Amino acid sequence: MFKPVALGATPLLLTGCTGALSTLDPAGPRAANLATLWWVMLYGSALLFALVIALFAMAYLRPAWVTRMTPAQWIVGGGLVLPIPILILLTGTALVLGEQLLPRGDAPLRFGAHAERWQWNFTYPDGREMSDDVLHIPAGQPIDVAVSSADVIHSFWVPRLGGKIDAIPGHENLIRLEADEPGTYWGQCAEYCGPGHDSMWFRIEAHTDEDFTALMEGGQ
């Protein structure tokens with residue numbers, strides 16, 4: 001009976017992994033790295049949990065087997081031999097995927113995102129500024145966003161395109177994003193910054209190269 005129920009509930013559970021602000025519905029390579037890391041961590045922790053439960057079951061069903069092991073054997077086996085391979089796998093995966101998130105080298109375009117309670121002002125590579133809480137970018141290529149703040153600490157986050165980074169007064173943090181294809185990608189301030197925090201949304205509009213070029217030229 002459990003199997004049909006589990007299979008029937010699977011589609012309902014998977015619907016929670018999609019949406020405009022879902023990190024598990026990536027729309028860019030850096031967001032895909034984060035989603036992969038999340039799934040690896042989930043499976044790794046599930047495996048560790050299953051091993052611990054198996055030991056509990058053995059202790060309950062085969063107490064004689066448990067008593068034959070010394071405390072030192074339990075410490076070495078259960079505390080070192082059992083978790084270390086899984087932890088090495090998880091740590092290695094985190095290091096490899098995390099390294100790929102860093103803005104290495106020069107991106108073709110650099111934008112600015114300046115937070116001010118409670119809105120975002122965006123600067124384009126040609127120096128123009130826009131304050132309508134919309135950032136237009138080209139799809140299919142990496143771009144850098146220099147994030148800063150005018151007042152308190154905010155946090156710039158577009159879940160489907162990449163990780164989050166703090167906007168700190170007097171300091172500039174750099175994050176690299178990329179959209180696989182044209183579309184609208186929602187972002188938010190992910191750091192509580194006062195009574196207007198819940199309305200501090202923005203969106204990124206990704207365009208084809210031709211449409212982005214036309215948009216930039218048309219705004220001059």
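This one's a predicted model, so the numbers in the text were calculated from it and none came from an experiment.
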Please find the pair of heavy atoms, one from Leu21 and one from Gln188, that lie closest to each other, and give the distance.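 Residues Leu21 and Gln188, closest heavy atoms: CD1-OE1, 3.3 Å.
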Ion pair Arg203/Asp133, N-O distance below 4.0 Å: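 Looking at Asp133 together with Arg203, the answer is no, because their closest N to O distance does not fall below 4.0 Å.
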Salt bridge check: are Asp144 and Arg110 linked by an N-O gap of less than 4.0 Å?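 Not counted as a salt bridge, because no side-chain N and carboxylate O are separated by less than 4.0 Å.
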Working to the nearest 0.5 Å, report the span between [atom1] of [X] and [atom2] of [Y].
| X | Y | atom1 | atom2 | result |
| --- | --- | --- | --- | --- |
| Leu55 | Ile53 | CG | CD1 | 9.5 Å |
| Leu90 | Leu95 | CG | CG | 11.0 Å |
| Met200 | Phe156 | CE | CZ | 10.5 Å |

Within one Ile-Leu-Val-Met-Phe-Trp-Tyr cluster: Ile175 and Ile153, side-chain cutoff 4.5 Å: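 Shared cluster, no.
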Show your reasoning for whether side chain to side chain contact (heavy atoms under 4.5 Å, CB included) applies to Glu172 and Val147. CA-CA 6 Å; Glu172 191 175 84; Val147 182; over 6 Å; no
Report the relative orientation of the aromatic rings in Tyr124 and Phe111; use parallel for angles under 30°, tilted for 30 to 60°, perpendicular for over 60°.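 The arrangement is perpendicular - the two ring planes meet at more than 60°.
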Between Asp126 (side chain) and Arg128 (backbone), is there a donor-acceptor pair under 3.5 Å?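 Yes, the answer is positive, given that a donor and an acceptor are paired below the 3.5 Å cut-off.
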Between Glu205 and Thr184, a side-chain donor and acceptor under 3.5 Å: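 Indeed, the side chains of Glu205 and Thr184 share at least one donor-acceptor pair under 3.5 Å.
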Less than 3.5 Å apart, any donor N or O on the side chain of Thr208 or Asp211 sitting next to an acceptor on the other?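 The answer is yes; a qualifying pair exists.
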